[in-house]
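Below is one structure, written out as structure tokens, with a few remarks after it.
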Amino acid sequence: MPPNPSVLAATRTKEDSELRYLVLAAQREGARYLAAQLRPLNLTPAQAEILLVLSERAPLTLAEVGRLIVCESHSPSRIVDTLVKRGLVSREPGQVDRRVVYLGLTAQGEELLPVLRDIDAAVDAAAADRLSPNEKRVMIGALRRITDGTVSGAALAARFPRNG
């Protein structure tokens, strides 16, 4: 049974709210920065994430892509449809079971990868360069604890397995 909201409200501290809003603010700032970097390529953050996931793991089914992405909480089918229409992603029937459709990058999608990887690295650096290695480890551990047991947490665990 979920906790009683009035009991939670009585025990919540100002720090609890500050933490939530700091995480939200950091996410929004990162999203704005990423969107601005991707705008010249006419890509959204979710589209770029799918292209990068496919570059690392293709061929994948739509369901597999959905389990690995964080930017989109629903089925990525609309986003993939757009990427297929733009000629960046291909759909190929499975060799064994023709009902299964595998996604991969087209040559045009592959051509975007160096720029996407540079943008991805710049976005990572924008946040990570402000923290010491120890602060990064502490934040990663804390944020993993917050996201454990969630859909986004599962996607992150699949893409970034824990060391040790």
Side-chain angles (χ1 to χ4, degrees), residues 1-39 41 43-83 89 102-105 109 112-164:
M1 182 153 114
N4 182 330
S6 61
V7 172
L8 288 177
T11 60
R12 209 172 98 208
T13 67
K14 190 174 181 178
E15 275 186 336
D16 296 337
S17 292
E18 183 180 12
L19 172 63
R20 177 171 53 103
Y21 282 105
L22 281 168
V23 170
L24 180 60
Q27 187 278 330
R28 284 190 177 161
E29 290 304 316
R32 284 185 189 120
Y33 182 71
L34 177 59
Q37 298 299 309
L38 292 170
R39 201 167 291 122
L41 300 175
L43 289 173
T44 67
Q47 290 170 338
E49 184 182 14
I50 288 172
L51 294 173
L52 289 168
V53 165
L54 287 173
S55 77
E56 297 163 2
R57 308 242 182 146
L60 294 170
T61 65
L62 186 61
E64 290 169 331
V65 169
R67 285 191 290 273
L68 291 169
I69 62 171
V70 178
C71 278
E72 179 64 27
S73 60
H74 304 295
S75 169
S77 59
R78 275 188 0 257
I79 300 166
V80 169
D81 288 345
T82 300
L83 293 169
V89 170
Y102 289 98
L103 304 171
L105 294 178
L112 282 177
L113 290 178
V115 176
L116 283 179
R117 287 187 180 121
D118 286 347
I119 290 170
D120 202 44
V123 172
D124 288 351
D129 288 354
R130 295 173 181 228
L131 302 170
S132 71
N134 188 55
E135 288 170 322
K136 287 181 224 178
R137 282 189 295 278
V138 168
M139 284 193 70
I140 288 168
L143 291 170
R144 279 201 185 251
R145 286 181 59 193
I146 289 171
T147 59
D148 275 350
T150 67
V151 172
S152 294
L156 288 165
R159 282 187 50 202
F160 306 100
R162 290 186 175 149
N163 298 332

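All values below come from the heavy atoms of this structure, side chains included, with hydrogens, waters and symmetry mates left out.
- Closest approach of Gln47 and Ile79 over heavy atoms only: CG-CG2, 3.6 Å.
- Taken to the nearest 0.5 Å, the CZ atom of Arg137 stands 7.5 Å off from the OG atom of Ser132.
- Asp124 is not listed as a side-chain neighbour of Asp129, based on a closest heavy-atom distance of 4.5 Å or more.
- Between Pro76 and the options Leu103, Ile69, Asp81, a side-chain contact (heavy atoms from CB on, under 4.5 Å) holds for only Ile69.
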Side chains of residues 51-66: which donor-acceptor partners sit under 3.5 Å, not counting sequence neighbours?
from: Ser55; atom 1: OG; to: Leu52; atom 2: O; distance (Å): 2.6
from: Ser55; atom 1: OG; to: Arg117; atom 2: NH2; distance (Å): 3.2
from: Arg57; atom 1: NH2; to: Ala158; atom 2: O; distance (Å): 3.0
from: Thr61; atom 1: OG1; to: Glu64; atom 2: N; distance (Å): 3.1
from: Thr61; atom 1: OG1; to: Glu64; atom 2: OE1; distance (Å): 3.4
from: Glu64; atom 1: OE1; to: Thr61; atom 2: N; distance (Å): 2.7

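- Atom CG of residue Leu22 and atom CD of residue Glu15 lie 10.5 Å apart, to the nearest 0.5 angstrom.
- The closest donor-acceptor contact from the side chain of Arg145 to the backbone of Gly141 lies at 3.5 Å or more, if one exists at all.
- Proximity of Leu156 to Leu143: side-chain heavy atoms (C-beta onward) are nowhere separated by under 4.5 Å.
- Residues Leu105 and Leu113 meet the side-chain proximity criterion, which asks for heavy atoms closer than 4.5 Å.
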Throw together a table of side-chain donor-acceptor distances under 3.5 angstrom for residues 25-36, partners on residues two or more places apart or in other chains.
from: Glu29; atom 1: OE2; to: Arg32; atom 2: NH1; distance (Å): 2.7

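- Atoms CD and CZ, from Glu18 and Arg20 in turn, are 12.0 Å apart once rounded to the nearest 0.5 Å.
- Residues Leu131 and Val138 form no side-chain contact, since every pair of their non-hydrogen atoms from C-beta on lies 4.5 Å or further apart.
- For the pair Glu49 (side chain) and Val70 (backbone), a donor-acceptor distance under 3.5 Å is present.
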Legend entry - Criterion side-chain contact (heavy atoms from CB on, under 4.5 Å) on Ile50 and Leu68, from CA distance to verdict: CA-CA 9 Å; Ile50 288 172; Leu68 291 169; over 6 Å; no
